[in-house]
Amino acid sequence: MPDSCTPQEPAIPIPAFLSQLAVSGVAVLVIVALAAAARLARPNPPLDEAAARARLADDFPEAQIDRVWLAADGAAALARSGSRALYLFRLGDAWVARDLAWSDVASAPVRGGRLHLRLSDVSPRLARPVLAGWSPEAA
């Protein structure tokens, strides 16, 4: 047994440990930045009548669209196709279309300038567009 007390050498030298820690920290930051960038939505231009008709024709190729009402913010459109109503709205960075009965849409309440549609599969706020010139009797 030696007489002098000498401290033991660490298993990993301190400078090597700090460099490994720094590299791991940078790698984690890069991964977090990539995950944050992947969640950014692609910008969608507001709908105009031609774009709404084109998108609805993609989803409902057999539909003959009689009239289109656009939301004031360009984030939704409502179209009449005979006895059906076709509702197109932005959800995240994509467009979603729903097929409703025209009688349900025509009888939907308008509160605060917003048409309150009943959609069972999405948030109620997505089914409350402010439609420019909305009048079910004019269709």
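Heavy atoms only: backbone and side chains are in, while hydrogens, waters and symmetry mates are out.
Arg80 places a side-chain N or O within 3.5 Å of a backbone atom of Gly82 that can act as its donor or acceptor partner.
For the atom pair CG (Asp58) and CH2 (Trp95), the distance works out to 13.5 Å, reported to the nearest 0.5 Å. Taking CG of Leu100 as the reference point, atom OG of Ser83 lies at 12.0 Å (rounded to 0.5 Å). Here the straight-line distance linking atom CH2 of Trp69 with atom CD of Glu49 works out to 10.5 Å at 0.5 Å rounding. Between Arg98 atom CZ and Arg84 atom CZ the span is 13.5 Å, to the nearest 0.5 Å. Atom CG of Asp59 is separated from atom CG of Asp99 by 10.5 Å, given to the nearest 0.5 angstrom.
A single hydrophobic cluster is seen to contain both Leu34 and Val26, as judged by linkage of ILVMFWY side chains at heavy-atom distances under 4.5 Å, directly or through other members. Residues Val105 and Val96 share a hydrophobic cluster, clusters being chains of Ile/Leu/Val/Met/Phe/Trp/Tyr side chains in contact below 4.5 Å. A continuous path of ILVMFWY side-chain contacts below 4.5 Å connects Leu86 to Leu88, so both sit in one hydrophobic cluster. Leu47 and Leu91 fall into different hydrophobic clusters, where Ile, Leu, Val, Met, Phe, Trp and Tyr side chains are chained together by heavy-atom contacts under 4.5 Å. In the hydrophobic clustering of ILVMFWY residues, with side-chain heavy atoms under 4.5 Å counting as a link, Phe89 and Leu117 come out together.
Gln64 and Ser81 get closest at one heavy-atom pair: O-OG, 3.1 Å. In this structure, Ser107 and Ser103 approach most closely via the heavy-atom pair OG-O, 2.9 Å. The nearest pair of heavy atoms linking Ala108 to His116 is CB-O, 3.4 Å. Taking every heavy atom of both residues into account, Ala77 and Leu70 meet most closely at CB-CD2, 3.8 Å.
Side chains of Arg53 and Val68 form a contact here, defined as non-hydrogen atoms less than 4.5 Å apart. At least one side-chain heavy atom of Tyr87 sits less than 4.5 Å from a side-chain heavy atom of Leu119.
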